[in-house]
Structures are given as C-alpha cells and as structure tokens.
Amino acid sequence: MTESVLLHIETPEPFSYKETVNYLRRSANEPLYQVEGDTVYRLIPSGSGEKPAAVEIRESGNGGLLVRVIGEERVSDERQRGIEAYIREWFDFDTDLLPFYEMAEKDPLLVHTIGRFHGLRSVGISDLFEALCWGIIGQQINLAFAYTLKRRFVEAYGQSVVREGRTFWQFPVPGIIAALKPEDMASMQMTGKKSEYLIGVAKLMAEGSLDKQSLLALGDFAAIEKQLTGIRGIGPWTANYVLMRCLRLPNAFPIADVGLHNSIKALTGSEAKPAISEIRRMAEGWKGWESYATFYLWRILY
DNA sequence: GCCCAGGATATCG
DNA sequence: CGATATCATGGG
C-alpha cells in the first residue's frame with residue numbers, strides 16, 4: 001500500500017453511513033466516485049493551484065468517518081480542513097434533521113420514508129458546473145442512460161489520476177466544454193440540444209458571468225431561480241434541481257420531476273401520476289423542507 | 001414495436 | 001397566459 005494520511009471526521013446525529021452509501025451505490029456507471037463494499041473512493045478538489053486529493057472514505061469503528069488521503073505522506077492542516085469541509089457539505093452534516101422528522105411523522109406521504117431511510121442526509125453536488133450539466137443531461141431521459149452519458153462525458157473531457165491501481169475522475173472544467181461544438185458530442189449519443197445547452201452553460205462559467213458564489217450572494221430564492229431559468233436549457237426543473245443539490249436551498253422543489261411523481265404514485269397506490277396541483281396540495285406542510293422531502297421520496301424508487 | 005424517461009423551448013390560439 | 005407540438009435517444 002502506498003503512503004497515506006488518515007483523517008477522522010465527526011458525524012452528526014442522526015446520520016446513517018449505510019443509507020448514504022446505499023444512495024451512492026445506485027449506479028455502477030457513476031464516474032465521479034466508486035463504491036466498493038462500504039468504502040467510497042473519490043477525488044476532492046483542493047484550493048486553487050493544488051491538485052485534488054484522492055480519498056478513501058469508510059465508517060470508523062467508534063463513530064465518525066475515517067478518511068484516507070491516498071498517495072500523500074503529509075497533508076497540511078489547511079488541506080485537511082478543506083477535505084473535511086468538502087465531506088461535511090457533500091453529506092449535508094450541518095442540517096438539523098429533527099424538525100424535518102417531526103414534520104414528516106405527521107405527513108402521510110413522508111412518514112414511511114423517514115423510518116426506512118433514517119439518518120440519510122441529502123447528498124450534494126458541490127461543483128456548480130457539474131450540477132448544471134448533470135441536470136441538463138438528465139432531462140427527459142431515463143436515469144440509466146443519463147449515467148451512461150455522464151460517464152462518457154467525464155471520460156472524454158475530464159482529467160483523471162491513478163492511485164493504487166484505481167482511476168479517479170474529475171468532472172470536466174467549463175473552459176474545455178466551452179470550446180466544443182455540439183457535433184463533437186454526437187458520437188457519445190448526446191443529443192444536439194443537450195450539447196448546445198452544456199456548451200452554453202460552460203461558456204457562461206468560463207467567461208465568469210455565472211458562478212456559485214454570485215448566485216448565493218443574490219440571497220433571495222426567487223432571484224436565484226430566475227437567474228438560472230434565464231439561461232437557455234435551464235427550466236424550472238433543472239433550476240430547482242441545482243438549487244437543491246448544489247446551492248443547498250432547503251425549499252428548492254423540482255415539482256415537475258417524473259421520479260417524484262412516480263414515488264407519490266407508488267405511495268398512494270394511485271393508478272395515475274399526480275397532477276402538479278395535487279402535489280402542491282400534498283406538499284403544503286413541507287414548507288422549508290421541500291428539498292429533503294423530495295430526496296427521501298426519490299429513495300423509494302431509485 | 002411500443003411506451004416511457006429525474007424537460008425545455010417554440011409556437012399557437 | 002395555458003395548451004400543444006417538437007426534439008431525440010436509449011431502457012425495459
């Protein structure tokens with residue numbers, strides 16, 4: 001085994017590592033992390049100029065997470081803090097789940113999910129470009145195919161490092177995608193529209209007119225949503241998906257999501273998928289927790 | 001072969 | 001403004 005450094009990260013209450021890994025395991029085609037047994041491997045970006053850290057994450061025997069930084073014999077305190085902060089954000093450690101559970105206990109749709117997935121936290125997508133691209137890629141196609149496209153996209157335009165025989169992929173940076181033409185992505189079965197949207201978003205980010213910090217600085221939910229939906233290829237669903245997974249706004253709500261509809265349909269035993277107006281009624285008690293409700297409902301089917 | 005998929009946009013009435 | 005057509009490709 002190569003040299004490595006071990007870090008320990010405290011976990012909040014409640015938190016289920018098992019449910020988190022179950023979520024991460026849902027596609028074997030996920031290119032940005034790998035799950036083997038109960039161990040997770042991925043790259044974690046570092047500060048400007050520094051190379052990303054290749055890490056192995058598992059559950060520590062006496063609570064908490066054990067993170068092994070692979071291939072580094074020494075990791076500065078600052079780098080350690082960066083890795084810890086990344087993981088805390090990825091698994092949403094700073095949210096107090098108890099109010100959500102109190103609300104969900106009285107909700108006919110959510111009550112079953114919070115028992116079944118107890119301790120699951122909303123897994124995030126820290127990188128804005130990745131979150132936007134993943135939303136665009138996932139539009140109107142089934143998830144299995146979406147993962148196939150994502151893998152092809154990452155392996156075609158992303159960078160990778162090899163540690164201990166394992167390949168770690170990094171999501172492509174906007175500058176690379178901004179220089180492409182839609183035809184370049186045709187061979188990976190990316191449709192013309194998706195390619196066009198991906199390149200458009202990449203250009204905005206590469207030229208500096210779109211970034212996570214500026215969006216968050218807008219403060220107001222509606223203002224951020226409006227800025228996103230003003231971008232070609234980003235409608236209400238994608239905007240709310242990104243607000244939820246990347247900007248971590250608790251009231252983000254991709255209400256038009258087909259997966260959400262199918263989960264509700266299954267839970268209610270209904271013949272047909274619910275109308276948007278019905279969902280809006282069912283979600284009246286979710287105020288401030290729409291994002292978590294959606295994440296938990298997704299877990300029923302995916 | 002058919003229906004559906006973690007939608008968005010353009011167009012029409 | 002709300003409804004409808006079109007896109008575009010694989011999964012099951």
Side-chain angles (χ1 to χ4, degrees), chain A residues 22-32 109 113 117 120 122-125 128 130-156 181-204 210 225-249 252-267 270-280 282-283 286 290-302:
Chain A
N22 279 345
Y23 172 80
L24 296 178
R25 236 198 290 272
R26 73 188 177 143
S27 174
N29 260 326
E30 168 59 59
L32 299 175
L109 272 183
T113 69
F117 308 115
L120 173 67
S122 171
V123 175
I125 300 173
L128 177 64
E130 179 191 336
L132 286 164
C133 290
W134 180 224
I136 290 167
I137 288 172
Q139 289 169 2
Q140 187 56 21
I141 60 175
N142 61 73
L143 255 183
F145 181 42
Y147 272 111
T148 300
L149 285 180
K150 180 181 174 187
R151 172 171 287 282
R152 289 177 186 160
F153 184 74
V154 169
E155 292 183 353
K181 297 287 168 211
E183 311 88 81
D184 298 331
M185 285 183 262
S187 62
M188 60 174 79
Q189 323 307 330
M190 196 79 81
T191 64
K193 292 283 188 199
K194 281 188 200 302
S195 304
E196 180 192 323
Y197 297 161
L198 293 171
I199 293 167
V201 168
K203 282 181 173 163
L204 288 177
L210 175 65
E225 184 184 30
K226 191 175 174 190
Q227 166 121 22
L228 286 176
T229 54
I231 299 168
R232 186 170 164 74
I234 301 178
W237 177 84
T238 309
N240 276 271
Y241 184 83
V242 171
L243 292 177
M244 169 183 171
R245 307 272 333 260
C246 182
L247 301 185
R248 301 306 223 159
L249 302 189
F253 194 19
I255 194 168
D257 186 83
V258 181
L260 177 70
H261 300 178
N262 283 328
S263 294
I264 293 174
K265 174 168 174 265
L267 281 172
S270 172
E271 286 288 322
K273 282 183 284 193
I276 297 293
S277 56
E278 294 177 272
I279 301 175
R280 204 160 268 135
M282 289 186 260
W286 302 354
E290 291 90 340
S291 161
Y292 255 91
T294 303
F295 197 74
Y296 268 59
L297 287 170
W298 275 341
R299 295 302 294 136
I300 299 282
L301 297 180
Y302 306 113

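The chains referred to below are lettered A, B, ... by the order of the sequence lines, with proteins before strands, and numbering in each begins at 1.
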Integer-rounded Å distance: [N] [atom2] and [X] [atom1]:
{"X": "A:Arg151", "N": "C:dG11", "atom1": "CZ", "atom2": "C1'", "result": "18 Å"}
{"X": "A:Gln140", "N": "B:dC3", "atom1": "CD", "atom2": "C1'", "result": "12 Å"}
{"X": "A:Arg152", "N": "C:dT9", "atom1": "CZ", "atom2": "P", "result": "12 Å"}
{"X": "A:Leu149", "N": "B:dA5", "atom1": "CG", "atom2": "C1'", "result": "12 Å"}
{"X": "A:Asn142", "N": "B:dC4", "atom1": "CG", "atom2": "C1'", "result": "8 Å"}
{"X": "A:Ile141", "N": "C:dT6", "atom1": "CD1", "atom2": "P", "result": "22 Å"}
{"X": "A:Leu132", "N": "B:dG7", "atom1": "CG", "atom2": "C1'", "result": "15 Å"}
{"X": "A:Phe145", "N": "B:dG7", "atom1": "CZ", "atom2": "C1'", "result": "15 Å"}

Next on the checklist: What's the separation between atom CG in A:Leu128 and atom CG in A:Leu228, rounded to the nearest 0.5 Å?
Outcome noted: 7.5 Å

Item to check | Approximate separation, where rounding is to 0.5 Å, of A:Asn262 CG and A:Leu297 CG | outcome: 11.5 Å

Checklist entry - Is it the case that A:Arg152 and A:Ser187 place a side-chain donor and acceptor less than 3.5 Å from each other? => result no

Checklist entry - With a 4.5 Å limit on heavy-atom distance, are the side chains of A:Leu260 and A:Phe253 in contact? => result yes

Next on the checklist: Both A:Gln139 and A:Asn262 contact DNA chain B. Which one's nearest nucleotide lies toward the 5' end?
Outcome noted: A:Asn262

Next on the checklist: Taking only the P atom of each, what is the distance from B:dT11 to C:dA8 in whole angstrom?
Outcome noted: 14 Å

Search all heavy atoms of [X] against all heavy atoms of [Y] and return the closest pair with its distance.
{"X": "A:Trp286", "Y": "A:Ala293", "answer": "CE3-CB, 3.5 Å"}
{"X": "A:Ile199", "Y": "A:Lys181", "answer": "CD1-C, 3.6 Å"}
{"X": "A:Ala239", "Y": "A:Thr229", "answer": "CB-CG2, 3.7 Å"}

Checklist entry - Can you tell me if A:Tyr241 uses its side chain to pair, donor with acceptor, with the backbone of A:Pro254 under 3.5 Å? => result no

Item to check | Residues within residues 185-202 of chain A bordering DNA chain B, heavy-atom distance below 4.0 Å | outcome: A:Tyr197

Checklist entry - Which residues within residues 225-243 of chain A lie with some heavy atom under 4.0 Å of an atom in DNA chain B? => result A:Ile231, A:Arg232, A:Gly233, A:Ile234, A:Gly235, A:Pro236, A:Trp237, A:Thr238, A:Tyr241

Next on the checklist: With a 4.0 Å cutoff (strictly under), does any side-chain N or O of A:Lys265 reach OP1 or OP2 of B:dC4?
Outcome noted: no

Checklist entry - Do the ring planes of A:Phe117 and A:Tyr296 sit parallel (below 30°), tilted (30 to 60°) or perpendicular (above 60°)? => result perpendicular

